[in-house]
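Keep in mind that the numbers below use all heavy atoms, side chains included, and drop hydrogens, waters and symmetry copies. Model, not experiment: these values are computed from the prediction. So that the names make sense, note that chain A is the first sequence line, chain B the second, and so on, each numbered from 1.
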There are 2 protein chains.
Amino acid sequence: MSKRGKKKEEAAAAADGDKDNGAAPPAKKGKKEKEPEAPILYEDPPDKLTTNDGRAANMKITSWNVDGLRAWVKKKGLDWVREESPDVLCLQETKCSEKALPQDITSMPEFPHKYWAGSEDKEGYSGVAMLCKTKPLNVTFGIGKEEHDKEGRVITAEFPTFYLVTAYVPNAGRGLVRLDYRKTWDVDFRAYLSGLDEKKPLVLCGDLNVAHQEIDLKNPKGNRKNAGFTAEEREGFTQLLSAGFVDSFRELYPEQANAYTFWTYMMNSRSKNVGWRLDYFVLSSKLMSALCDSKIRNSAMGSDHCPITLHFAV
Amino acid sequence: MSKRGKKKEEAAAAADGDKDNGAAPPAKKGKKEKEPEAPILYEDPPDKLTTNDGRAANMKITSWNVDGLRAWVKKKGLDWVREESPDVLCLQETKCSEKALPQDITSMPEFPHKYWAGSEDKEGYSGVAMLCKTKPLNVTFGIGKEEHDKEGRVITAEFPTFYLVTAYVPNAGRGLVRLDYRKTWDVDFRAYLSGLDEKKPLVLCGDLNVAHQEIDLKNPKGNRKNAGFTAEEREGFTQLLSAGFVDSFRELYPEQANAYTFWTYMMNSRSKNVGWRLDYFVLSSKLMSALCDSKIRNSAMGSDHCPITLHFAV
DNA sequence: CGTTGAATG
DNA sequence: CATTGAACG
C-alpha cells in the first residue's frame with residue numbers, strides 16, 4: 001500500500017476520537033487507553049403517511065447510492081427494494097454501462113419504465129438510474145451543460161404535478177483535488193434546478209455529497225478539510241436552500257442528530273454509527289404542503305450508503 | 001468486455017472441439033449438436049520410492065505454480081503442502097512482494113529456510129519462491145543477465161550433490177507478443193543451466209511454459225499458434241534436452257497421454273481435463289540414476305496449475 | 001474497505 | 001475464469 005494511499009484514507013475516514021492510527025502512543029498526561037464507547041445509534045421513527053393537513057400519501061420515492069449496482073444486486077439489494085415497493089426508485093453510483101446491467105434489474109416487472117445514465121468516458125464510474133411504476137411525461141439526462149453531462153450524474157423525470165430529479169453530485173475527492181470543479185457544478189446545478197422550479201415544483205433526491213451542518217455528520221471538527229464538509233460545499237447547499245428549496249428530513253426533524261445515510265467501509269464506521277448524511281430529498285418550497293415523511297432506512301444493507309424514502313401527496 | 005479481450009480469450013483457451021463460441025450454428029451436413037463426451041481423466045500411479053538400482057528415495061521436491069500466493073493461501077494450499085511434506089517447496093507466480101506475504105507462510109516452521117524473488121518493476125507480477133527444510137549451501141537469484149533478472153523468475157539453491165533451480169519461464173503472451181523475448185530467454189536460460197551443469201548436476205523445476213510434444217496437451221492441433229505450443233518454444237525445450245537434460249516424467253512414462261499440470265480457468269477445462277503439461281522436473285542426465293519417481297498431483301486444488309513432486313536418492 | 005475496469009495469464 | 005494493483009470513493 002502506498003504511503004499516500006494510507007495517509008489519505010485516514011484523512012477521509014473522519015478524524016474522530018476513536019481513530020487509532022498510531023503505534024504505542026506516548027503515555028503523556030495520564031491519557032487513557034482508548035475505551036470503546038457504546039455507539040449512539042439512530043432509529044428512524046415509523047412512517048407518517050399523511051400531510052400536515054390530513055391528505056394521504058400517494059407517492060413513494062426511494063433513493064439509494066448503491067456503490068456498484070452489480071455487487072449490490074448480488075448482495076440482494078433488490079429484495080429490499082421489492083419489500084419497500086416505492087413508486088419510483090432512484091439509484092446512484094451504478095458503475096455499470098447499460099449493456100452490462102444484470103438481468104435481475106432489467107427484467108423487473110414492478111418497474112416497467114427504466115432510465116439509465118452512465119459515464120461516457122470512464123467505464124464503471126458514476127452512473128445513475130431511475131425506475132418508475134408509471135411512465136413519466138418526459139425524461140431528460142444531464143443538466144444541459146456539456147461540461148457536466150458526460151459522467152451520468154442526473155436524470156430528470158417530469159410527472160404531472162412535479163419534476164423528479166435524481167443526482168449523484170461530484171465528490172470533491174481526496175485532497176480536494178476536484179473541489180474547484182465541484183464549485184462550478186454547484187452553481188450550474190442550482191441554476192438548472194431553479195430553471196425547472198420556475199416551470200413546475202420539483203423533488204431532488206440522491207447523493208448530494210455534502211453534509212450540510214455539524215449535526216449532519218459524526219465528526220464535524222475533523223472533517224472541515226475533507227470532501228463533503230468543506231465550507232464551500234456546505235455553502236453551496238445553503239445557497240440551494242436559499243433559492244427556494246427545503247431539506248425535507250431536516251425540516252421535519254430539526255434537532256435529530258446521529259441520523260446518517262453514509263458510513264465509510266473503513267474502521268467499522270457503520271457499526272459505530274460514525275457516518276454522514278449525504279443523501280437527501282430536497283423539495284421546492286411550494287411542494288412542502290404535500291410532504292408526509294422523509295425516511296432514513298439505515299438498516300438496509302448492500303452499500304456504504306443506506307436508502308432514503310420520501311412519502312408525499314401529489 | 002472489449003472485443004479484443006473476448007477474441008483473445010477464445011484463441012488462448014485451446015481451440016478444441018468442445019468450443020462453442022458461435023450462436024446457432026448453420027445445421028449443415030447433419031452435424032450433431034455438440035455431445036458432451038465423457039472426459040478422459042488421468043490418475044497418477046502410486047509413488048515409487050526407490051531408484052532403479054534399489055536405493056531408497058531420500059529427497060522430495062514439490063513444485064507448484066500457485067497463480068497468486070495470497071489467494072492460494074486462502075484456498076488452503078498450505079494444508080496440502082503440509083500433507084505432502086516435501087523437503088523443498090518451489091512456488092511460481094507468487095505475485096506478491098516480500099513484505100505483503102501472508103504470515104501463514106512466512107511463519108511456517110516446517111521450512112526454516114525461505115527464499116523469495118519478486119518482480120522489481122511490476123507489483124503483483126511473476127515471482128518465485130523456494131522453501132527448504134535444510135539450509136542450502138548457497139542460494140542465488142536470476143540467471144546472471146540483467147535483462148532477464150528483473151521479473152523474479154529464477155532461484156537456484158546449491159545442495160551438496162546437486163543444484164536445484166526453480167523457474168517461472170516467461171509466457172509468450174496472447175498474440176505471441178512476447179515470443180521474441182521468450183526465444184532469447186530460452187537461449188540464455190539454457191546457457192545458464194549448462195554452465196551450472198558443468199560444475200554439479202542439477203534439477204530444474206517449475207512452470208516452463210511449454211508443452212513439449214503433442215502428447216503434452218489436449219488440443220495440439222488448435223494451439224500451434226498459441227503461447228506454450230509454438231514451434232519455437234517446443235524447439236527451445238528440445239534443445240534443452242539435447243544439452244544433456246531429461247524430462248523426468250516423460251522419461252518414466254513415455255506413452256502416457258492426458259497427464260497435464262495446467263488447465264485454463266475458462267470453459268471448465270479442468271473438469272473436462274482439457275489441459276497442458278507445462279510444469280516439469282528436468283534433470284541432468286547424470287542424475288537420472290538417482291531418480292525414483294516424477295509425480296503429477298492433479299487432485300490438489302488452489303490454482304490453475306497443480307503441483308508436481310519429485311522423489312530421488314541424493 | 002470495497003467497487004470497478006486493465007493487464008496478465 | 002481468476003489474480004493482481006490502480007483509481008476512486
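With rounding to whole Å, B:Asp67 atom CG is found 15 Å from D:dC1 atom P. Taking atom CE of residue A:Met266 and atom C1' of nucleotide C:dT3, one finds them 12 Å apart after rounding to whole Å. As a whole-Å value, the separation of A:Lys122 NZ from D:dA6 P is 18 Å. Summarising the geometry, the separation between NZ on B:Lys95 and C1' on C:dA7 is reported as 10 Å, rounded to the nearest angstrom. Distance NZ (B:Lys74) to P (D:dT3): 9 Å, rounded to an integer number of Å. Taking atom CD of A:Glu151 as the reference point, atom P of D:dA7 lies 17 Å away to the nearest angstrom. A straight line from CD of A:Glu233 to P of D:dG9 spans 12 Å, rounded to a whole angstrom. Between the CG atom of B:Leu91 and the P atom of D:dT4 there is a distance of 14 Å, rounded to whole Å.
Between A:Arg224 and A:Glu214 a salt bridge is recorded (basic side-chain N to carboxylate O distance below 4.0 Å).
Ring centroids of A:Trp72 and A:Trp64 are separated by less than 6.0 Å, placing the two rings close together.
If you check every strand for non-hydrogen atoms under 4.0 Å, B:Lys75 touches sugar and phosphate atoms only. Using a 4.0 Å heavy-atom criterion, one finds that B:Phe262 contacts no nucleic acid atom at all.
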